[in-house]
Q: 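Please read through the structure below; I'll follow up with questions.
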Amino acid sequence: MVRANGAVSLRELARVVQTSEVTVRRDVRALEAEGLLDRRHGGAVLPGGFTRESGFPQKSHLATAEKTAIADLAASFVEEGEAVVVGAGTTTQELARRLARVPGLTVVTNSLLVAQALAHANRVEVVMTGGTLRGSNYALVGSGAEQSLHGLRVTRAFLSGSGLTAERGLSTSNMLSASVDRALVQAAAEVVVLADHTKLGTDTMFQTVPTDVITRLVTDEPPSHDDRAATELQALADQGVHISVAGPGAGAPAGAVPGSGAGSGPEQVPQQQRRRDVPPLPGQRRTHGGHGGHHPLPPGGQAAAQSGGGAPPSQLRSAGSLGAEPPTARVADLAPRRR
């Protein structure tokens with residue numbers, strides 16, 4: 001299956017061979033020891049190290065449920081009349097399908113798949129970059145794409161990639177894609193990274209967004225056995241990234257949802273509200289590339305900054321201020337460590 005598709009998920013493997021994911025994970029580990037494939041969180045790919053990148057057909061079948069939940073949550077941060085940039089990727093394509101319902105929106109993208117998802121949306125203007133088509137992910141890359149972004153300024157950028165670590169930030173396996181993603185970042189006041197848990201702790205060849213430039217990470221709940229993903233989330237939070245975790249019941253302990261009142265269950269709340277937010281370190285100043293400004297803190301961070309001498313809140317609209325619930329008891333396990 002790996003040879004035929006380039007990549008497979010553990011869930012799909014378990015379904016096909018009719019066994020548990022625990023058994024599949026053990027077999028995948030044995031196959032990796034023989035050099036027949038490389039393990040990835042949530043799946044396996046053909047051997048290739050840092051430079052190998054799966055094509056769109058392979059990526060589209062990995063972590064599909066997680067990408068849907070992430071897209072639902074990310075779309076809730078966008079308001080009517082905003083201008084945003086959306087990069088290429090299967091997760092950003094899912095986001096674009098939801099942005100089609102936001103009136104008065106302007107979306108700048110280098111992705112044909114994102115543009116296609118928005119092509120028939122009412123009152124949504126789509127602006128495409130120039131560039132050369134990269135067939136493996138249906139994205140426009142090269143100097144033409146980068147030059148068309150010069151002078152552009154939008155509220156926020158939504159980007160995905162091949163891997164995310166606290167040490168290097170977001171990365172990808174292709175040099176041309178990385179260069180365009182960096183240009184997209186320069187056009188935005190805030191940077192929102194969409195990455196499912198299979199990408200956490202994975203490092204690839206070309207850095208696209210350094211950790212100190214990422215305003216927010218939207219991800220899904222890592223499995224209980226995935227210690228590497230949980231450790232990476234904690235490290236990202238310690239470095240000032242505001243983390244929003246999507247998924248059923250991710251917003252509160254014991255089945256309650258923040259803001260829904262005692263006794264309310266997850267089934268009473270829309271999917272995009274079932275989340276938990278992990279704020280960055282209170283008062284930490286965030287610099288953005290060459291713009292010289294700082295990213296706004298989330299609501300809890302603003303209060304701490306005002307009382308403790310931190311940076312004043314920015315006039316730009318903050319992703320953290322668009323409907324984020326107050327932290328709950330479940331957030332404590334990822335709260336930044338005090339030094």
Side-chain angles (χ1 to χ4, degrees), residues 6-7 45 50-64 66-68 70-71 74-75 78 83-100 105-119 121 124-150 152 154 156-164 169-188 190-196 198-199 202 204-209 213-214 216-219:
V45 299
F50 283 100
T51 59
R52 181 171 181 83
E53 181 183 31
S54 300
F56 173 79
Q58 292 79 35
K59 291 180 180 179
S60 63
H61 294 298
L62 288 175
T64 53
E66 291 85 349
K67 291 173 183 176
T68 298
I70 290 168
V78 181
V84 300
V85 296
V86 179
T90 53
T91 311
T92 51
Q93 181 188 22
E94 287 295 323
L95 171 64
R97 293 187 177 119
R98 288 144 184 83
L99 294 182
L105 189 66
T106 300
V107 177
V108 181
T109 185
N110 70 318
S111 169
L112 298 187
L113 297 175
V114 168
Q116 183 183 41
L118 295 166
V124 175
E125 182 178 0
V126 180
V127 179
M128 294 208 66
T129 68
T132 302
L133 177 63
R134 184 167 179 255
S136 61
N137 64 346
Y138 303 95
L140 297 172
V141 297
S143 60
E146 295 171 39
Q147 290 172 8
S148 65
L149 294 166
H150 289 171
L152 182 71
V154 299
R156 58 179 59 85
F158 292 93
L159 296 175
S160 187
S162 301
L164 177 66
L170 190 67
S171 62
T172 186
S173 302
N174 182 265
M175 181 174 63
L176 294 175
S177 295
S179 186
V180 174
D181 282 353
R182 286 192 288 266
L184 291 172
V185 167
Q186 290 298 316
E190 298 178 3
V191 179
V192 181
V193 170
L194 312 182
D196 63 78
T198 66
K199 298 177 181 178
T202 299
T204 51
M205 193 168 184
F206 298 99
Q207 182 191 57
T208 56
V209 189
V213 176
I214 300 173
R216 180 185 294 270
L217 165 65
V218 184
T219 187

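Predicted model, so just to flag it, every value in this text is computed and none were measured.
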Q: Rounded at 0.5 Å granularity, tell me how far CG in L133 sits from CG in N110.
A: 10.5 Å
Q: Which of these passes side chain to side chain contact (heavy atoms under 4.5 Å, CB included) with V107: V84, V127, L95?
A: V84
Q: At their closest point, which heavy atom of S173 faces which heavy atom of S162, and how far apart are they?
A: N-OG, 3.8 Å
Q: Counting N and O atoms only, with roles assigned by atom type, does the side chain of T92 sit under 3.5 Å from a partner on the main chain of G87, one being a donor and the other an acceptor?
A: yes
Q: Is there a side-chain contact between L118 and V86 in this structure, where contact means two heavy atoms from C-beta onward sitting under 4.5 Å apart?
A: no
Q: Between L99 and V114, is a side chain to side chain contact (heavy atoms under 4.5 Å, CB included) present by the stated rule, with each step listed?
A: CA-CA 10 Å; L99 294 182; V114 168; over 6 Å; no
Q: Which pair of non-hydrogen atoms, one from G131 and one from L140, has the smallest distance, and what is that distance?
A: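 Heavy-atom minimum between the residues: O-CD2, 3.9 Å.
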Q: In the structure I gave you, are the side-chain heavy atoms of V192 and V218 within less than 4.5 Å of one another anywhere?
A: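 Touching, per the 4.5 Å side-chain cut-off.
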Q: In Å, rounded to the nearest 0.5 Å, how long is the span from CG of N174 to OG1 of T204?
A: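 Reported to 0.5 Å precision, the distance equals 10.5 Å.
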Q: Measuring only between side-chain heavy atoms, which start at C-beta, is T198 closer than 4.5 Å to E66?
A: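 A side-chain contact under 4.5 Å is absent here.
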Q: Can you tell me how far CD of E146 sits from OG1 of T129, rounded to the nearest 0.5 angstrom?
A: 9.5 Å
Q: Answer yes or no: is there a side-chain heavy-atom contact under 4.5 Å between I214 and L164?
A: yes
Q: Between the side chains of K67 and S160, does any donor sit under 3.5 Å from an acceptor?
A: no
Q: Can you give me the closest heavy-atom contact between A157 and V85, atom names plus distance?
A: CB-CG2, 3.1 Å
Q: So, for A145 and V180, which heavy atoms are closest and what is the spacing to 0.1 Å?
A: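 Where A145 meets V180 most closely, the heavy atoms are CB-CG2, 4.0 Å.
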Q: Side chains of T91 and K199, heavy atoms from C-beta outward: is any pair under 4.5 Å?
A: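 Side-chain contact under 4.5 Å: yes.
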Q: Would you call V209 and D181 a side-chain contact if the rule is heavy atoms closer than 4.5 Å?
A: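 V209 vs D181: side chains apart.
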Q: So, taking the atom named CZ in R182 and the one named CG in L170, what distance separates them when rounded to the nearest 0.5 Å?
A: 11.0 Å
Q: For a quick test of reading the model, state the closest non-hydrogen atom pair linking V124 to A100 and the distance between them.
A: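 For V124 versus A100, the nearest heavy atoms are CG2-O, 4.0 Å.
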Q: Any chance you could measure E125, atom CD, to T106, atom OG1, to the nearest 0.5 Å?
A: 4.5 Å
Q: When rounded to the nearest 0.5 angstrom, what distance separates OH in Y138 from OG1 in T90?
A: 12.5 Å
Q: Quick check: closest heavy atoms across E94 and R98, and the distance to 0.1 Å?
A: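 Heavy-atom minimum between the residues: O-NH1, 2.6 Å.
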Q: Walk me through whether Q93 and S111 qualify under side chain to side chain donor-acceptor pair (under 3.5 Å).
A: CA-CA 8 Å; Q93 181 188 22; S111 169; over 6 Å; no
Q: State which residues pass side-chain hydrogen bond (donor to acceptor under 3.5 Å, both in side chains) with T219; sequence neighbours excluded, sorted by chain then number.
A: none
